[in-house]
Chemist: 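Sending over a structure as structure tokens; questions will come in a sec.
Proteins come first, then strands; the chains are lettered A, B, ... in the order of their sequence lines, and each starts at number 1. Hydrogens, waters and symmetry mates play no part in the numbers below; they use all other heavy atoms, side chains included.
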There are 2 protein chains.
Amino acid sequence: MPSENGLIDATNLRLLAELVEDARISQAELGRRVGLSAPAVAERLARLEREGAIVGYRTDVSPAALGYTLAAVVRMRPAPRQIPKVADVARATPEVVECHRVTGEDCFYMKIHVRSVEHLEEVIDRFTPYGQTTTSIIQSSPVPRRGIELGPQRELA
Amino acid sequence: MPSENGLIDATNLRLLAELVEDARISQAELGRRVGLSAPAVAERLARLEREGAIVGYRTDVSPAALGYTLAAVVRMRPAPRQIPKVADVARATPEVVECHRVTGEDCFYMKIHVRSVEHLEEVIDRFTPYGQTTTSIIQSSPVPRRGIELGPQRELA
DNA sequence: CTTGAAACCGGGCGTCT
DNA sequence: AGACGCCCGGTTTCAAG
């Protein structure tokens, strides 16, 4: 993961800013917006992908439209020696949409999407054998999800 | 947000599954994969967007490539009457990439990306005037981020 | 189905090392 | 010289009426 070559110049920053908002913009349109020819855009994108700056292009699907009307944050304090097991269960549980290993008393934070409170219980019970869980139901999301700040880059050393 | 019409049939589920993995697939290619003509795909996509099942097409940019090498989960217990203020600060702070209002003792969960521990302190200090924060540094992400389960739909009522 | 536009490929030019 | 980034032509493929 290179953090410093000529990869992130002002032009690539503008390309990324456009693509973060709409991943389906054509390369020609991107070129128009940043003042570049289409092939030049293609080349820059290929490099950004190759170097790992662009991780992927994803479609955001509404959980509610699929019947997942309930979301929760679960944090977890695993029992001794059960840390790898918890990570395995999280990976194997599709309702877990995010899982982070963190410092502090609780070792994991997870975000889950479920269809009902019964479904929630069912998912939580997959983890209770391996430690102590704390569950908080998501009521609203003041910041639902967004990308990193792409505009004013501070010192890039 | 309609949860039940003919919107989510087996074909649309397959389209969504393809688009979640790569939002830049052409409509012709999508048609090839699900056994549909290109115009039919276009029509279905338009409807999925119109009905809100497709929220958007986003590009995933690596925080590390932009110099944001540190991530943390911050949970917060606001002081009395400061709940709206906390939400405002979260929205106005670009380092906050997710913020959820939840049930329980702590009222907010946030995920933030920063450049350094000094930067982390700077961001946290924007919230400390309004309540008590608990910060956990993300060490790794067993499940970095993924979409909802699209394959085996259980009961759709 | 047809048309206009877009993506891919190869070649050639200017610049900075 | 060499390497790199860009532009310009070609052809194939895609998207909208």
Chemist: Can you name the closest pair of heavy atoms from B:Phe127 and B:Val96 and give their distance?
Modeler: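 Shortest heavy-atom separation between B:Phe127 and B:Val96 comes out as CZ-CG2, 4.0 Å.
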Chemist: Using a 3.5 Å distance criterion without hydrogens, assess whether the side chain of A:Thr133 forms a donor-acceptor pair with backbone atoms of A:Thr128.
Modeler: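 Absent.
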Chemist: Between A:Glu29 and A:Arg33 (salt bridge meaning N to carboxylate O under 4.0 Å), is one present in this structure?
Modeler: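 Salt bridge present between A:Glu29 and A:Arg33.
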Chemist: Should A:Leu36 and A:Arg44 count as side-chain neighbours, where that means a heavy-atom distance under 4.5 Å?
Modeler: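 A side-chain contact exists here, since the closest heavy-atom pair is under 4.5 Å.
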Chemist: Answer yes when A:Arg14 and A:Asp9 have at least one side-chain N-carboxylate O distance shorter than 4.0 Å, and no when they do not.
Modeler: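 A salt bridge is absent here (no side-chain N lies under 4.0 Å from a carboxylate O).
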Chemist: I'd like to know if A:Asp88 and A:Arg91 make a salt bridge, using a cut-off of under 4.0 Å between side-chain N and carboxylate O.
Modeler: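 Result for this pair is yes, salt bridge flagged.
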Chemist: When you check the gap from the basic side-chain N to the acidic O, do A:Glu98 and B:Lys111 get nearer than 4.0 Å?
Modeler: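 Yes.
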Chemist: I'd like a list of close polar pairs between nucleotides 12-17 of chain C and the protein, N/O only, cut-off under 3.5 Å.
Modeler:
none

Chemist: Tell me which residues in residues 23-44 of chain B lie within less than 4.0 Å of DNA chain C, going by non-hydrogen atoms.
Modeler: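 By residue number: none to list.
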Chemist: Salt-bridged, A:Asp106 to A:Arg77, with N to O below 4.0 Å?
Modeler: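 Salt bridge between A:Asp106 and A:Arg77, a charged N being under 4.0 Å from a carboxylate O: no.
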Chemist: First and last nucleotide of DNA chain D touching chain B, 5' to 3', heavy-atom cut-off 4.0 Å?
Modeler: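 Listing 5' to 3', DNA chain D meets chain B from D:dC14 to D:dA16.
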Chemist: Indicate yes or no for a side-chain donor-acceptor contact from A:Arg101 to the backbone of A:Ile83 under 3.5 Å, with no hydrogens or angles considered.
Modeler: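 Not a single qualifying donor-acceptor pair exists.
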Chemist: Consider side chain to side chain contact (heavy atoms under 4.5 Å, CB included). Of B:Leu15, B:Leu13, B:Asn12, which one does B:Val34 pass it with?
Modeler: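 One option only clears the test, and that one is B:Leu15.
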